[in-house]
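Remarks on the structure that follows.
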Protein chains: 2
Amino acid sequence: MTRTDTADAKTRLLDAAEHLFTEHGFAATSVRRIATAAGVPLAMVSYHFGSKKGLMEAVYARALGQRATSRVGYLDRLEKQAGGAPISVDILVEAFISSALRLTHKGTISGAVFKQMIGRAFYEPEAGVEDFFPTEYAEAVERYKCAFMRALPALPVLSEADVVWRMYFFVGMVAYAMAGKDVMRMTEIYALEVAGRPEAMLRRLMPFIVAGFNAPSADLAPTAGVLAAALSA
Amino acid sequence: MTRTDTADAKTRLLDAAEHLFTEHGFAATSVRRIATAAGVPLAMVSYHFGSKKGLMEAVYARALGQRATSRVGYLDRLEKQAGGAPISVDILVEAFISSALRLTHKGTISGAVFKQMIGRAFYEPEAGVEDFFPTEYAEAVERYKCAFMRALPALPVLSEADVVWRMYFFVGMVAYAMAGKDVMRMTEIYALEVAGRPEAMLRRLMPFIVAGFNAPSADLAPTAGVLAAALSA
DNA sequence: GTCTATAAACGGATAGAC
DNA sequence: GTCTATCCGTTTATAGAC
């Protein structure tokens, strides 16, 4: 007996939609199916949310809204505590990931579902959240960018392009992991311990990312080209 | 006047489907739209491919089939040339990415479209290629895994779990970039030079990944926990 | 082999009873 | 406020003419 069974129609629709959109995607999920899963008449979707799209926006709004505080919360506390001194890269990386994962442990939504939902939002073509995310997270990205630039070794200094690219890669990787995707079935084939344990992944991910951020600037030491050199040797 | 205009119905359907599935996703693309775009009667879809799903499988089969040789081609040549000696990490990383990007420059399909299509295949829920990819690429993953383990510093040696995790992160990042996704709109906001130029991204990505692979083992130096320590200080 | 016409089911949305 | 019944466009797939 889950909470959904006793909640009101609106909440049950949101719960069902969240789950089904996450699992099958927006276009592939019909409102009929959502209403059936929620045990609610079809018309309640139009009544409460106006349209299918309205329902999806409500799903994201609920999920993100109630967690809005955690985007730069860690960073605020860290900067306050540091009192002007740079924050080290490893702490920034863990703060960034933790802000993402922490969404998993708060609020009414199942952590696993929410995590996948956000991961999916990154790839769903018609998701519509592509208009939502950037405005909501632009500040967080900018704040972390500045923090990373201050944290990284002064000489040879990384260009802003270097830092932003590395954050781009970082975000992409976290999205892939959060979406629970594993196209190569690597977690199966190599029995990676990941099921339901984001901490295990975090432990593996952190050194990888931290080292990446600390790599020499691509402006100064263009690494690409070694393949061609090796093959023509 | 593109090639599509003169090709036969089957080919034109594949071309149109490839393009539309890539742009809008499987569920959101109707066969009518595909047939219209291809300038071909609707019934030709059933005739040639049996069903919508059959069409999609044909799209992937054509795209991947004709490029099957390039998955471990670089690695074969590198290992032959090295004659038993380990291949350095930077060369392996570039070979792996190049094998992915090289798909872009071969065959009949537009590079940009194919690239996005593969990227999409990683996230499309109903794509069905999740049964296809692992079997096709398991050998390549295993080969690269062995090569990376031989290339990485002997002491402290990375565990197989370390190496596989790092390949997992690597794959995820490449998938995100290949799908052309950018949820945070970072390429816009920070004017990253990426449009149509995978080489620019490669130059930025390589040092990041290489450094990540060379990071100390997560088994020996668990980095996670610095955030909690910093906040409780 | 190719295509037109249509079937059969499903999609989102709503009118109007209660 | 809540729900049943239905509208009507669109979907996939096919039957059958050419």
Side-chain angles (χ1 to χ4, degrees), chain A residues 3-62 117 120-121 124-129 131-132, chain B residues 3-62 117 120-121 124-129:
Chain A
R3 181 185 58 84
T4 298
D5 293 328
T6 57
D8 66 339
K10 194 169 178 177
T11 305
R12 298 176 62 166
L13 280 171
L14 285 170
D15 290 343
E18 183 171 82
H19 180 242
L20 290 170
F21 282 152
T22 298
E23 189 161 9
H24 305 289
F26 177 74
T29 305
S30 67
V31 290
R32 303 181 105 89
R33 198 168 164 190
I34 294 169
T36 302
V40 155
L42 177 61
M44 307 281 13
V45 173
S46 299
Y47 176 69
H48 284 297
F49 306 101
S51 68
K52 181 182 180 182
K53 191 173 180 181
L55 172 56
M56 200 206 56
E57 286 168 0
V59 167
Y60 280 111
R62 181 181 71 161
M117 189 184 79
R120 160 164 301 284
E124 184 81 36
E126 330 276 314
V129 285
D131 300 325
F132 186 82
Chain B
R3 180 185 59 82
T4 298
D5 294 328
T6 57
D8 66 339
K10 195 169 178 177
T11 305
R12 299 176 61 167
L13 280 172
L14 285 170
D15 290 343
E18 184 170 81
H19 180 242
L20 291 169
F21 283 152
T22 297
E23 188 160 10
H24 304 289
F26 177 74
T29 305
S30 67
V31 290
R32 301 182 94 90
R33 199 167 164 190
I34 294 169
T36 302
V40 154
L42 177 61
M44 304 300 327
V45 173
S46 298
Y47 176 69
H48 283 298
F49 306 103
S51 68
K52 181 182 179 181
K53 189 172 181 180
L55 172 57
M56 200 206 56
E57 286 168 1
V59 166
Y60 281 112
R62 181 182 71 160
M117 188 184 80
R120 162 166 300 282
E124 183 81 36
E126 331 275 316
V129 286

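Throughout, protein chains are lettered first and strands after them, A, B, ... in sequence-line order, and every chain is numbered starting at 1. What's counted below: heavy atoms across the whole structure, side chains too, no hydrogens, waters or symmetry copies.
Side-chain N or O atoms of B:K52 include one that pairs as donor or acceptor with a backbone N or O of B:F26 at under 3.5 Å.
Taking atom NE2 of B:H24 as the reference point, atom C1' of D:dT10 lies 17 Å away to the nearest angstrom. Rounded to whole Å, the distance from CZ on B:F49 to P on D:dT12 is 15 Å. Summarising the geometry, the separation between CD1 on B:I34 and P on D:dT11 is reported as 11 Å, rounded to the nearest angstrom. One atom, CE of A:M44, and another, P of D:dC3, lie 6 Å apart when rounded to the nearest Å. A:R33 places its CZ atom 19 Å from the P atom of D:dT11, with the value rounded to the nearest Å. When the C1' atom of D:dG9 is taken as reference, atom NZ of A:K52 falls 15 Å away, rounded to whole Å. The nearest whole Å value for the distance from the CZ atom in B:F26 to the P atom in D:dT11 is 13 Å. The nearest whole Å value for the distance from the CE atom in B:M56 to the P atom in D:dT12 is 13 Å.
In this structure, B:S46 reaches the bases: a heavy-atom distance under 4.0 Å links it to at least one base atom across the strands shown.
Between B:T11 and B:R62, some side-chain heavy-atom pair lies under the 4.5 Å cut-off. Taking the side chain as every heavy atom from C-beta outward, A:F49 and A:K10 approach each other to under 4.5 Å.
Of the candidate nucleotides D:dA13, D:dT4, D:dA15, D:dA13 has the atom lying nearest to any side-chain atom of B:L42. Closest to the side chain of B:A43, from the set D:dT2, C:dC3, C:dG12, is C:dC3. Closest approach to the B:Y47 side chain among C:dA13, D:dT2, C:dG1 is made by C:dG1 (side chain taken as heavy atoms from C-beta onward).
The phosphate of D:dT11 has OP1 or OP2 within less than 4.0 Å of a side-chain N or O from B:S30.
Counting distance only, with no hydrogens placed and no angle test, the side-chain atoms of B:R32 and the base atoms of D:dT10 include no donor-acceptor pair under 3.5 Å.
Along DNA chain C, the nucleotide closest to A:G50 and the one closest to B:P41 are compared, and the more 5′ of them pairs with B:P41.
Taken to the nearest 0.5 Å, the OH atom of B:Y47 stands 15.5 Å off from the CG atom of B:L42. Rounded to the nearest 0.5 Å, atoms CE (A:M56) and OG1 (A:T29) are 11.0 Å apart.
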